[in-house]
Amino acid sequence: MFKRILVAVDGSKTSLKALDKAIDFQKLMPETEIFILCVYKHHSLFEASLSIGRPSDMDIPDKVLSEYAKDVVNHAKDMAKDHGATMVRGFVKAGRPSKVIIKFAKDKEADLIVVGTRGTHSDKDGMFLGSVSHRVAAHAKCPVLVV
């Protein structure tokens, strides 16, 4: 039924639960490929220059965020493989998470997007759907499973 499942991860518990659900689907449909995507918000050099007390050896924020996103994806890939997943690929992109997730799903012809209800920047635990998951569910052209 699903040939390509996109799982958006950000390191939060709910995003890892979303990954678990994608793995469950893959076990039912072994030919399914899982794409793990972590999106970080791009910071311009102007934004980086606004810090008053910045150490001289500080990396540009995009580099730091990109490295963190790679760590998140690698952790998720390892976790997926430890839970029996096969055909797992990881990706890191910069931009507004909801837009990047939707575009990535379209570009990769994903049949399903799986996202957690709330990400790492949630402040109201469990009260509402997170803004990223809400936007993805509202605008994606393929089915979206919110876990």
Side-chain angles (χ1 to χ4, degrees), residues 1-44 47-48 50-51 54-55 58-147:
M1 183 171 168
F2 299 121
K3 294 191 190 279
R4 288 173 219 89
I5 299 174
L6 170 59
V7 183
V9 296
D10 62 4
S12 66
K13 289 180 183 179
T14 59
S15 74
L16 296 179
K17 286 181 184 178
L19 178 60
D20 283 337
K21 195 54 70 178
I23 294 166
D24 290 344
F25 279 121
Q26 189 184 61
K27 288 177 181 176
L28 295 172
M29 300 167 282
E31 298 300 314
T32 302
E33 188 171 9
I34 296 175
F35 297 136
I36 298 172
L37 174 65
C38 185
V39 182
Y40 66 93
K41 184 179 182 266
H42 168 73
H43 284 84
S44 69
E47 288 171 315
L50 294 178
S51 174
R54 192 174 65 198
M58 187 180 119
D59 287 327
I60 296 173
D62 276 357
K63 182 178 177 188
V64 174
L65 293 170
S66 174
E67 289 302 316
Y68 175 75
K70 287 177 190 173
D71 289 345
V72 169
V73 167
N74 288 332
H75 172 73
K77 281 175 53 179
D78 291 343
M79 184 181 136
K81 290 176 183 175
D82 288 347
H83 288 104
T86 59
M87 297 193 306
V88 179
R89 294 170 57 194
F91 301 87
V92 172
K93 299 283 183 187
R96 184 174 178 189
S98 57
K99 286 186 176 188
V100 172
I101 293 166
I102 293 166
K103 183 178 182 334
F104 187 89
K106 181 181 176 189
D107 292 347
K108 294 292 185 184
E109 298 178 348
D111 303 301
L112 176 68
I113 300 171
V114 186
V115 294
T117 53
R118 309 209 36 91
T120 56
H121 294 93
S122 302
D123 56 356
K124 303 277 191 243
D125 189 25
M127 288 182 62
F128 301 104
L129 205 58
S131 59
V132 172
S133 54
H134 183 266
R135 281 193 219 81
V136 170
H139 299 289
K141 301 298 181 198
C142 65
V144 177
L145 175 62
V146 181
V147 179

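Because the structure is a prediction, the values reported are computed rather than measured. Residue indices begin at 1 and follow the sequence shown.
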Notebook entry, point to check: With ring centroids as reference points, do Tyr40 and Tyr68 lie under 6.0 angstrom apart?
Noted result: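 So the answer is no for these two rings.
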
How many angstroms lie between atom [atom1] of [X] and atom [atom2] of [Y], to the nearest 0.5 angstrom?
X	Y	atom1	atom2	answer
Leu19	Met79	CG	CE	4.5 Å
Ile36	Ile5	CD1	CD1	11.0 Å
Asp10	Leu16	CG	CG	8.0 Å
Arg96	Ser131	CZ	OG	8.0 Å
Gln26	Met87	CD	CE	5.5 Å
Leu37	Ser15	CG	OG	11.0 Å

Item checked: Selection residues 11-40 - residue pairs positive for salt bridge (charged side-chain N to carboxylate O under 4.0 Å, His left out), sequence neighbours left out ->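 Found Glu33-Arg89.
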
Margin query: Tell me the closest heavy-atom pair linking Val100 and Ala94, and the distance in Å.
Written below: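 So the two residues come closest at CG2-O, 3.7 Å.
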
Check: Hey, mind stepping through His75 and Val9 against side chain to side chain contact (heavy atoms under 4.5 Å, CB included) and telling me if it holds?
Finding: CA-CA 10 Å; His75 172 73; Val9 296; over 6 Å; no

Next item on the list: Examine distances only and state if a side-chain atom of Ser133 and a backbone atom of Thr117 form a donor-acceptor pair shorter than 3.5 Å.
Entry: yes

Item checked: Result of checking Leu112, Ile34, Thr32 against Phe25 for side chain to side chain contact (heavy atoms under 4.5 Å, CB included) ->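 Only one of Leu112, Ile34, Thr32 forms a side chain to side chain contact (heavy atoms under 4.5 Å, CB included) with Phe25, namely Leu112.
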
